[in-house]
Amino acid sequence: MTYAKSTTALISGLQRGLAGLALLLGGAVQAGAQAGAVGTALDTAKSPGSGIAMVTNSVYGRCTGVLIDPRTVLTAAHCLYSKRTARFVRPQSVHVLLGYDRGDYGFHTVAESFEIGHGYDPERSEATAGSDWVVLSLAQAAPDTFRPLPRAQSWQTEQTVFAAGFAQQRAEILTRTPPCVIVSEVASDLIVSDCDVSHGLSGGPLIDPVAQSVIAIQVAVTTVGDRRYAVSVPVAGLPLPVVPDPDATN
């Protein structure tokens, strides 16, 4: 599917839809929400799958994260918030698993600390969705077999992408969506795509299939008419560690 420029009507509808975002939590599907399509398996032994983490805690169960460097994972901030206690969980209760497949995994550690996006308010998640990100500093560095994903510095409307993560329908394996398209930038800090994402993909990457780089992380879905759209936070511009290119030559 391709788009010319997003129509005024679509953008207007998306702007209205952003006021009713449904977060991609790892728990049960909310009333009235539809589950996304079941994706195809993504190999966790090679990039980009080796750089995609399962992120778990006692509050939400499973979300997805992106390995930025051996000691850093990026995920969605709402995954770490407990509505029951109205607090974020302790870093040490956040578990990160790489190479996860049907109960087996290649690496496990916990967060040592984390930094939440400036301005994110979990009680105003719709209004502050552009800050719905958190940088996890890991207690142990991931082995070299798990390669961090490079970060895309730019993107464009109509660009073909795919989303990946531990979707609720197949939570025991890493899956990816079929090819999908970036529809628009509705706000300066949010990207909207027509990727068919579902619960469990919070914090999971929106990937450029050519460069195999992460463009954004998934945070929510919105609906315009009978169409569902994925909402994500672009990684370009986030205060993330600078990672040298391992393929660069002197």
Side-chain angles (χ1 to χ4, degrees), residues 24 26 36-57 60-76 79 94-112 133-152 160-180 193 195-218 230 232 235 240-249:
L24 296 173
V38 176
T40 57
L42 194 61
D43 190 350
T44 60
K46 62 182 182 181
S47 189
S50 64
I52 301 175
M54 176 182 286
V55 180
T56 71
N57 62 69
Y60 284 134
R62 297 174 179 177
C63 283
T64 304
V66 180
L67 189 67
I68 297 300
D69 71 24
R71 293 292 293 262
T72 308
V73 165
L74 177 67
T75 188
C79 292
V94 180
H95 295 260
V96 175
L97 298 97
L98 291 165
Y100 185 89
D101 184 67
R102 300 175 180 87
D104 293 326
Y105 51 85
F107 174 72
H108 166 252
T109 189
V110 297
E112 189 171 60
W133 54 268
V134 59
V135 177
L136 307 177
S137 296
L138 305 182
Q140 294 176 292
D144 292 342
T145 49
F146 300 101
R147 187 167 183 174
L149 294 185
R151 306 193 294 271
T160 298
V161 293
F162 67 87
F166 294 93
Q168 179 175 280
Q169 301 94 314
R170 301 181 70 184
E172 291 300 314
I173 63 173
L174 178 64
T175 59
R176 54 156 290 174
T177 66
C180 41
S193 70
C195 299
D196 195 6
V197 300
S198 64
H199 292 272
L201 266 73
S202 276
L206 187 70
I207 293 176
D208 177 342
V210 177
Q212 297 287 286
S213 58
V214 55
I215 295 172
I217 60 165
Q218 309 295 329
S232 55
V235 299
L240 300 172
V242 176
V243 183
D245 183 354
D247 294 328
T249 56

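Note that this is a predicted model, so its numbers are computed, not measured. Numbers here are sequence positions counted from 1.
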J.: Roughly how far apart are Arg147 CZ and Ser47 OG, rounded to 0.5 Å?
T.: 6.0 Å

J.: If you look only at pairs with a residue in residues 204-214, which of them pass as a side-chain hydrogen bond (donor to acceptor under 3.5 Å, both in side chains), with sequence neighbours excluded?
T.: Gln159-Asp208

J.: Show the nearest heavy-atom pair for residues Cys180 and Ala163, with the distance to one decimal.
T.: SG-N, 4.5 Å

J.: How many angstroms lie between atom CG of Leu149 and atom CG of Leu67, to the nearest 0.5 angstrom?
T.: 7.0 Å

J.: Pick out which of Leu201, Thr64, Thr175, Ile173 makes a side-chain contact (heavy atoms from CB on, under 4.5 Å) with Phe166.
T.: Thr64

J.: What's the separation between atom NE2 in His108 and atom CD in Gln140, rounded to the nearest 0.5 Å?
T.: 9.0 Å

J.: Is the backbone of Thr72 close enough, under 3.5 Å, to the side chain of Asp69 for a donor and an acceptor to pair up by distance?
T.: yes

J.: Atom CG of Leu174 and atom CE of Met54: how far apart are they, to the nearest 0.5 Å?
T.: 8.5 Å

J.: Mind listing the closest non-hydrogen atom pair of Gly203 and Thr75 along with its distance?
T.: CA-OG1, 3.6 Å

J.: Run Leu206 and Ile217 through side-chain contact (heavy atoms from CB on, under 4.5 Å) and show every step you take.
T.: CA-CA 6 Å; Leu206 187 70; Ile217 60 165; over 6 Å; no

J.: Might you point out which heavy atoms bring Val66 and Gly204 nearest each other, and give the distance in Å?
T.: CG2-C, 4.5 Å

J.: Does any part of the side chain of Glu172, heavy atoms only, come nearer than 4.5 Å to the side chain of Arg62, both counted from C-beta?
T.: yes

J.: Decide yes or no on side-chain contact (heavy atoms from CB on, under 4.5 Å) for Ile52 and Leu42, but give the supporting numbers first.
T.: CA-CA 10 Å; Ile52 301 175; Leu42 194 61; 4.0 Å; yes

J.: Between CD of Glu112 and CG of Leu136, what distance do you get to the nearest 0.5 Å?
T.: 11.5 Å

J.: Show your working on side-chain contact (heavy atoms from CB on, under 4.5 Å) between His95 and Asn57 and close with a plain yes or no.
T.: CA-CA 6 Å; His95 295 260; Asn57 62 69; 5.9 Å; no

J.: Decide yes or no for Ile207 and Val161: does some side-chain heavy atom of the first lie under 4.5 Å from some side-chain heavy atom of the second?
T.: no

J.: Would you say the side chain of Pro179 lies within less than 4.5 Å of the side chain of Thr160, judging by non-hydrogen atoms?
T.: yes

J.: I need the Thr177 OG1 to Phe162 CZ distance, nearest 0.5 Å.
T.: 7.5 Å

J.: Could you walk me through whether Thr44 and Leu98 pass the side-chain contact (heavy atoms from CB on, under 4.5 Å) check?
T.: CA-CA 8 Å; Thr44 60; Leu98 291 165; over 6 Å; no

J.: Is the shortest heavy-atom distance from the side chain of Pro148 to the side chain of Pro70 under 4.5 Å?
T.: yes

J.: Looking at Val197 and Ala230, what are the two nearest heavy atoms and their distance?
T.: CG2-CB, 3.6 Å

J.: Would you call Phe107 and Leu97 a side-chain contact if the rule is heavy atoms closer than 4.5 Å?
T.: no

J.: If you look at every heavy atom in Val235 and Ala152, which pair is closest and at what distance?
T.: CG2-O, 4.0 Å

